[in-house]
Participant: 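I am attaching a structure below and will ask some questions about it afterwards.
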There are 2 protein chains.
Amino acid sequence: MRLVIARCSVDYVGRLTAHLPMALRLLLVKADGSVSVHADDRAYKPLNWMSPPCSTRETYPDGAGGGGHWTVTNKAGEQLLITIEEILHDSRHDLGVDPGLRKDGVEAHLQELLAEQIGTLGDGYRLVRREYPTAIGPVDILCRDAAGLTVAVEIKRRGEIDGVEQLTRYLELLNRDPLLTPVRGVFAAQAITPQARVLAADRGISCVTLDYDALRGVDDPSSRLF
Amino acid sequence: MRLVIARCSVDYVGRLTAHLPMALRLLLVKADGSVSVHADDRAYKPLNWMSPPCSTRETYPDGAGGGGHWTVTNKAGEQLLITIEEILHDSRHDLGVDPGLRKDGVEAHLQELLAEQIGTLGDGYRLVRREYPTAIGPVDILCRDAAGLTVAVEIKRRGEIDGVEQLTRYLELLNRDPLLTPVRGVFAAQAITPQARVLAADRGISCVTLDYDALRGVDDPSSRLF
DNA sequence: CCGTAAATGTCGTCG
DNA sequence: CGACGACGTTTACGG
């Protein structure tokens, strides 16, 4: 990883054109060749960047002390042009390969847990399958209730209006299948906004709030007392 | 801006829980107090971060040379806990305020171009107006076809399912206006996904792919030969 | 590699 | 402050 603090201007020509006037910024060059330009605010987003794979050509017409140009190019022909007036800091550091991030609490995990414990939705529920395919995308969970009627479940971490819309589209399609219809909808999330509840009720979709810790608790062997 | 290269492990507890095992990484502390943790790959996204506003508490129990803890907290109570084993580099740089990015547009430009060249949609089409107002927001373009029937156009750079939903809502409203009904829908984008096409067809909405260069070419004076 | 959905999305704007 | 839509979205996952 190379860290450069420099007075520079930046031009990006690619999916759009963008320009940064001359100012002091951090140039971050990573081991994969990627380049990002950071201002002194906003944690997440660089002002400008080039994602890997890409390559950089550096030129310093007036020698090592003077200004220079970096031209960063990728396969698609997108370009990041960095014009450097002055370099205030330039250091390199070998970090090695990162062991990577372990996440807990995402939607995929919720889906796994609910599929394993489909009885959470009601007694006698049986799983048909996860990621049940339709022409407009997979339904999170398809199952049958105690009466044998089909139920489509959409799972979100946060239940908002667009999730209800998504489930509505699936239900419309699924209900055209004579082998499945009538298909009922269940909207399951850790938290559901009032707006989403109103829309769901209007569409005849029932809402279920999921207790992540409870679902995980039943599943996690380490939490069992016996 | 403060740049720290350190052997560290990181735990995030907030909207989810995440853990990074001990490894060499870049810690980037910006003037707004934000903190991000970068590995030596990927230009855009840090491994972990805390967005501003947030505050950091640093403790070094064994003195300046030894390991330490950074606890970064925000208003919502989310926490980023950084355990530092060793610091290899630590520098501060005053960058000042950035003049900011100038972008040269995408979707707005597409809309202008298509409005100017509404005949792209078919012979005899006439523009009624851009940004035609409705109760739930403006329709990108309203026009009439050769037969004088009303057509609502939704324009996206990338045509996906959300765009079809948006246009559907507009059509529902517009068709309640006795002066306009029947209103037909056209979904126009540089590229349209298969599932968006399926949904559009299902809703009786036609799809048009836009050639940005061709639209611009007709418009751009610099490309004219005479 | 393409298509689709999730994201600690982030970041504007507008009510 | 919350909802909505755009983003050079980026990123992960499945066929």
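Only this structure's heavy atoms are used, side chains among them; waters, hydrogens and symmetry mates stay out. Here is how names work: the chains are called A, B, and so on, in the same order as the sequence lines, proteins then strands, and each is numbered from 1.
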Participant: Please report, rounded to the nearest Å, how far the C1' atom of D/dG8 is from the CZ atom of B/Arg42.
Facilitator: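 For the pair B/Arg42 CZ and D/dG8 C1', the rounded distance is 19 Å.
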Participant: Side chains of B/Lys30 and A/His38: is there a donor and an acceptor less than 3.5 Å apart?
Facilitator: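 Indeed, the side chains of B/Lys30 and A/His38 share at least one donor-acceptor pair under 3.5 Å.
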Participant: Looking for any heavy atom pair under 4.0 Å, which part of the strands does B/Tyr12 touch: base, sugar-phosphate only, or nothing?
Facilitator: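 Base contact - B/Tyr12 has a heavy atom under 4.0 Å of at least one base atom.
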Participant: Where the side chain of A/Met50 is defined as all heavy atoms beyond and including C-beta, which of C/dT8, D/dG8, C/dT10 is the nearest nucleotide?
Facilitator: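 Closest nucleotide among those given: D/dG8.
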Participant: Given D/dA12, C/dT10, D/dT10, which nucleotide is nearest the side-chain atoms of A/Trp49?
Facilitator: D/dT10
Participant: Find the distance B/Leu199:CG to C/dA5:P and express it as a whole number of Å.
Facilitator: 11 Å
Participant: Taking all atoms of both residues into account, what is the closest heavy-atom pair of B/Ile5 and A/Leu3, and its distance?
Facilitator: CD1-CD1, 4.1 Å
Participant: Taking atom CG of B/Asp94 as the centre, does the number of heavy atoms from other residues, nucleotides or ligands within less than 6.0 Å exceed 12?
Facilitator: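 No - once you tally the heavy atoms of other residues, nucleotides and ligands closer than 6.0 Å, there are 12 at most.
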Participant: Give a yes/no on whether any side-chain N or O of B/Arg15 is located under 4.0 angstrom from OP1 or OP2 of C/dG9.
Facilitator: yes
Participant: What N/O pairs connect the protein and nucleotides 1-5 of chain D at under 3.5 Å? Give each pair on its own line.
Facilitator:
| from | atom 1 | to | atom 2 | distance (Å) |
| --- | --- | --- | --- | --- |
| D/dG5 | OP1 | B/Arg169 | NH2 | 3.0 |

Participant: Under the criterion side-chain hydrogen bond (donor to acceptor under 3.5 Å, both in side chains), I'd like the reasoning laid out for A/Gln190 against A/Arg158: C-alpha separation, chi angles, the key distance, then a yes or no.
Facilitator: CA-CA 6 Å; A/Gln190 284 183 276; A/Arg158 295 182 189 178; over 6 Å; no
Participant: Over how many whole Å does the gap from A/Asp41 atom CG to C/dT10 atom P extend?
Facilitator: 15 Å
Participant: Quote, to the nearest angstrom, the P distance that separates D/dG8 from D/dC4.
Facilitator: 22 Å
Participant: Assign each of A/Ala43 and B/Lys45 to its nearest nucleotide of DNA chain C by heavy atoms, then name whichever residue's nucleotide is nearer the 5' end.
Facilitator: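 Between the two, 5'-proximity favours B/Lys45.
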Participant: Categorize B/Asp162 for me: base, sugar-phosphate, or nothing, with a 4.0 angstrom heavy-atom threshold over every strand shown.
Facilitator: nothing
Participant: Nearest-Å distance, CD (B/Glu160) to P (C/dT4)?
Facilitator: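 My rounded result for the distance is 8 Å.
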Participant: At 4.0 Å (heavy atoms only), tell me whether A/Gly137 reaches a base, stays on the sugar-phosphate, or touches nothing.
Facilitator: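 Contact class for A/Gly137: sugar-phosphate only.
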Participant: Rounding to an integer number of Å, can you tell me how far A/Ile155 CD1 sits from C/dA5 P?
Facilitator: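 So the two atoms are 15 Å apart, to the nearest Å.
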Participant: Among C/dT8, C/dA6, D/dT11, which nucleotide sits nearest the side chain of A/Glu154?
Facilitator: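 Ranking C/dT8, C/dA6, D/dT11 by closest atom to the A/Glu154 side chain puts C/dA6 first.
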Participant: Can you tell me the distance, in whole Å, between the CD atom of A/Glu165 and the P atom of C/dA6?
Facilitator: 14 Å
Participant: Rounded to whole angstroms, how far apart are OH on A/Tyr44 and P on D/dT11?
Facilitator: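 The distance from OH of A/Tyr44 to P of D/dT11 comes to 7 Å, rounded to the nearest Å.
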Participant: Strictly below 4.0 Å, N to O, side chains only: are A/Asp11 and B/Arg102 in salt-bridge contact?
Facilitator: no
Participant: Hey, is the side chain of B/Lys103 poking within less than 4.0 Å of OP1 or OP2 on D/dA6, counting only N and O atoms?
Facilitator: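 Result: no.
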Participant: Does B/Glu160 use its side chain to pair, donor to acceptor, with the backbone of B/Thr193 at less than 3.5 Å?
Facilitator: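 Looks like no, no N/O pair under 3.5 Å.
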Participant: Mind checking which stems touch DNA chain D? I mean at least 3 consecutive Watson-Crick or G-U pairs, both distances under 3.5 Å.
Facilitator: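 For DNA chain D the paired stretches long enough to count as stems (3 pairs minimum) are C:1-7 with D:9-15, C:9-15 with D:1-7.
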Participant: Do you know the tightest heavy-atom contact between A/Val128 and A/Arg144?
Facilitator: CG2-CG, 4.0 Å
Participant: Provide the distance between the two P atoms, one in C/dT10 and one in D/dA12, to the nearest whole Å.
Facilitator: 16 Å
Participant: Would B/Asp98 and A/Arg25 count as a salt bridge (Lys or Arg N to Asp or Glu O under 4.0 Å) if you check the C-alpha gap in whole Å, the side-chain angles of each, and the deciding distance to 0.1 Å?
Facilitator: CA-CA 8 Å; B/Asp98 199 279; A/Arg25 301 191 178 94; 2.5 Å; yes
Participant: Exactly one of B/Leu27, B/Thr56, B/Val4 should register a side-chain contact (heavy atoms from CB on, under 4.5 Å) with B/Ile82. Which one does?
Facilitator: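 Exactly one option meets the side-chain contact (heavy atoms from CB on, under 4.5 Å) with B/Ile82, and it is B/Leu27.
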Participant: Are A/His109 and A/Tyr212 an aromatic pair, judged by ring center distance below 6.0 Å?
Facilitator: yes
Participant: Measure CG/B/Leu47 against P/D/dA12 and give the value in whole Å, please.
Facilitator: 10 Å
